[in-house]
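Computed from a prediction, not measured in an experiment: that's the story for all the values here. First the proteins, then the strands, lettered A, B, ... as listed; each starts at 1.
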2 protein chains.
Amino acid sequence: MPRAGLSEDRVVEEATHLADEGGAVTLVEVARRLGVQVPSLYKHVDGADALQALVAARAKRELADTLARATVGKSGPSAVDALARAYRTWADEHPGSYASTLRAPSVDNAAEIAASDKAVGVLFDALAGFGLHGDDAIDATRYCRAVLHGFVALEAANGFGLPGVDRTFEKLITALQLTLTHWPSLTI
Amino acid sequence: MPRAGLSEDRVVEEATHLADEGGAVTLVEVARRLGVQVPSLYKHVDGADALQALVAARAKRELADTLARATVGKSGPSAVDALARAYRTWADEHPGSYASTLRAPSVDNAAEIAASDKAVGVLFDALAGFGLHGDDAIDATRYCRAVLHGFVALEAANGFGLPGVDRTFEKLITALQLTLTHWPSLTI
DNA sequence: GCCTTAAAGCTAATGGGGTTAGCCAAACTT
DNA sequence: AAGTTTGGCTAACCCCATTAGCTTTAAGGC
């Protein structure tokens, strides 16, 4: 029996592909794809839950990188536009990865938390061009995340029954830009 | 062996309670709580997946009713305020039910789709006070759903690392009211 | 180049959850 | 009271996750 040459990374990669193709991420299926028996996976990964967490951490890193690349050299409304489109596109193209990022990260998983922080950091930086500080910056960042995540999640769950979703997304970007521009005056 | 006096409704109710208490909704646990053996559940419910769908449909109906009650007699910004608070509160108090509503409804489940439509309808009606029509009304409704769902989902997943979430939510309401007020002019 | 050894694969066995088949008693119908 | 439908049950079978423990590979020290 020649070795399959696996590694934690290889296993996580295959699980990610499986998830993004819409399959259920089971150890049975991952093992089958890797040409290996199920218990062999335990040499690289600490069970099904741990594999899920690794997939999530990988997904968050990739999302953060994608957002960072999309917004490089941009700021203010133009950064928001680029970021929103990159976010939606990535989520659409990696539905399994995106879904994996929604689980609350386990407290003991430093890698996943770091990846989370990185993604939020990119968003936070992109909003710097609006001149927000302190609580305003935090609140605006959270608002952005909520809008983008909410839209993408509803789209993924087929929550928008009718056509015209692209049109709605264009409006969403404009609304978001406007909201951020006027954020400080929201204190009424 | 005296009968337990079950019914589809009773099973779904118990599954809902279980979900909202944070437990995993398994047939084993539902049966245990009802004082019955697992296969007996099949006399009332068509398997685990079907039970999930029924829980989701029930949740959507309840959410729709809650939103409707919260907004009765209100319109415009005041309706949005009431609706946003009711939405967040209900989701916080019924985390399992809320999570169940996120699965895409199966195409053949008329009850679940009807419940979805009802919830969206309440939101749609609440926005009538802003004088939106046609695509604008649809886009604004979707934007609202995205913001509210995104915020609640991130909050539930412990996605906001720092404190001050209540403050952020107040800002969110104000931002939403402002956005809806100026929606038609978003065409730039 | 051997010899040791850690790592990476394997088989076998256990346990939990879901599902089906088929039996039997309780309750309803007339 | 007899017949029928209904709601419970037991037994058996899947699928997936996990653990224990064995074997072989491949890498490193001498």
Side-chain angles (χ1 to χ4, degrees), chain A residues 1-59 96-97 99-100 103-106 108-109 112, chain B residues 1-58 96-97 99-100 102-106 108-109 112:
Chain A
M1 21 187 134
R3 297 216 175 168
L6 295 189
S7 64
E8 179 181 288
D9 241 45
R10 183 72 192 84
V11 173
V12 175
E13 183 189 10
E14 197 61 40
T16 300
H17 288 158
L18 174 55
D20 286 336
E21 290 164 15
V25 180
T26 69
L27 296 186
V28 170
E29 184 58 19
V30 172
R32 201 194 57 75
R33 282 168 157 244
L34 293 169
V36 132
Q37 297 299 313
V38 173
S40 304
L41 297 177
Y42 283 79
K43 297 288 174 170
H44 306 282
V45 147
D46 197 19
D49 288 351
L51 177 57
Q52 282 292 347
L54 290 170
V55 169
R58 181 197 188 85
S97 295
S100 79
R103 302 169 33 264
S106 41
D108 60 333
N109 192 333
E112 191 172 357
Chain B
M1 17 189 137
R3 299 214 174 169
L6 295 189
S7 63
E8 179 182 287
D9 241 46
R10 183 74 192 84
V11 173
V12 175
E13 183 189 11
E14 198 61 41
T16 300
H17 289 158
L18 174 54
D20 285 336
E21 290 163 16
V25 180
T26 68
L27 296 184
V28 170
E29 184 59 18
V30 172
R32 202 193 58 72
R33 282 168 156 242
L34 292 170
V36 132
Q37 296 300 315
V38 173
S40 303
L41 298 177
Y42 282 78
K43 297 287 175 168
H44 305 282
V45 148
D46 197 19
D49 287 351
L51 177 56
Q52 283 291 349
L54 289 170
V55 169
R58 182 196 188 85
S97 294
S100 79
L102 302 185
R103 302 169 32 266
S106 40
D108 59 334
N109 193 332
E112 190 172 357

Of the listed nucleotides (dT19(C), dT19(D), dC9(D)), which one gets closest to any side-chain atom of Ala48(B)?
dT19(C)
Out of dT19(D), dT20(C), dG8(D), minimum distance to the side chain of Pro39(A) belongs to dT19(D)
Which heavy-atom pair separates [X] from [Y] by the least distance, and what is that distance?
{"X": "Val11(A)", "Y": "Leu6(A)", "value": "CG2-CD1, 4.3 Å"}
{"X": "Asp20(B)", "Y": "Gly96(B)", "value": "OD1-N, 2.9 Å"}
{"X": "Ser97(A)", "Y": "Ser100(A)", "value": "O-OG, 2.6 Å"}
{"X": "Ala50(B)", "Y": "Asp46(B)", "value": "CB-O, 3.4 Å"}
{"X": "Glu112(B)", "Y": "Ala56(B)", "value": "OE2-CB, 3.3 Å"}
{"X": "Leu18(B)", "Y": "Ala24(B)", "value": "CD2-O, 3.6 Å"}

Spacing of [X] atom [atom1] relative to [N] atom [atom2], expressed in whole Å:
{"X": "Gln37(A)", "N": "dT11(C)", "atom1": "CD", "atom2": "C1'", "result": "9 Å"}
{"X": "Leu41(A)", "N": "dT11(C)", "atom1": "CG", "atom2": "P", "result": "13 Å"}
{"X": "Tyr42(B)", "N": "dC14(D)", "atom1": "OH", "atom2": "C1'", "result": "11 Å"}
{"X": "His44(A)", "N": "dA8(C)", "atom1": "NE2", "atom2": "C1'", "result": "6 Å"}
{"X": "Leu6(B)", "N": "dA27(C)", "atom1": "CG", "atom2": "C1'", "result": "15 Å"}

If I take atom [atom1] from residue [X] and atom [atom2] from residue [Y], how far apart are they, to the nearest 0.5 angstrom?
{"X": "Tyr42(B)", "Y": "Leu27(B)", "atom1": "OH", "atom2": "CG", "result": "5.0 Å"}
{"X": "Leu54(B)", "Y": "Glu13(B)", "atom1": "CG", "atom2": "CD", "result": "13.5 Å"}
{"X": "Leu51(B)", "Y": "Thr26(B)", "atom1": "CG", "atom2": "OG1", "result": "10.0 Å"}

Sort out for me which residue in Arg32(A), Arg33(A), Arg58(A) forms a salt bridge (Lys or Arg N to Asp or Glu O under 4.0 Å) with Glu14(A).
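One option only clears the test, and that one is Arg33(A).
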For DNA chain C, what residues of residues 49-59 of chain A have any heavy atom nearer than 4.0 Å?
none
Strand contacts (DNA chain C) in residues 11-32 of chain A, 4.0 angstrom heavy-atom criterion
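Nothing qualifies; none.
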I want to check something: taking the side chain as every heavy atom from C-beta on, are Leu34(B) and Leu41(B) in contact at a cut-off of under 4.5 Å?
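Contact flag for Leu34(B)/Leu41(B) side chains = yes.
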Pick out the pairs of N or O atoms, protein on one side and nucleotides 5-7 of chain C on the other, that lie under 3.5 Å.
unit_1	atom_1	unit_2	atom_2	d
dA7(C)	N3	Arg3(A)	NH2	3.0

Once you apply a heavy-atom cut-off of 4.0 Å, does Val38(B) come out as touching a base, just sugar-phosphate, or nothing?
base
Does OP1 or OP2 of dG7(D) have a side-chain N or O of Ser40(B) closer than 4.0 Å?
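Indeed not, no polar side-chain atom of Ser40(B) lies that close.
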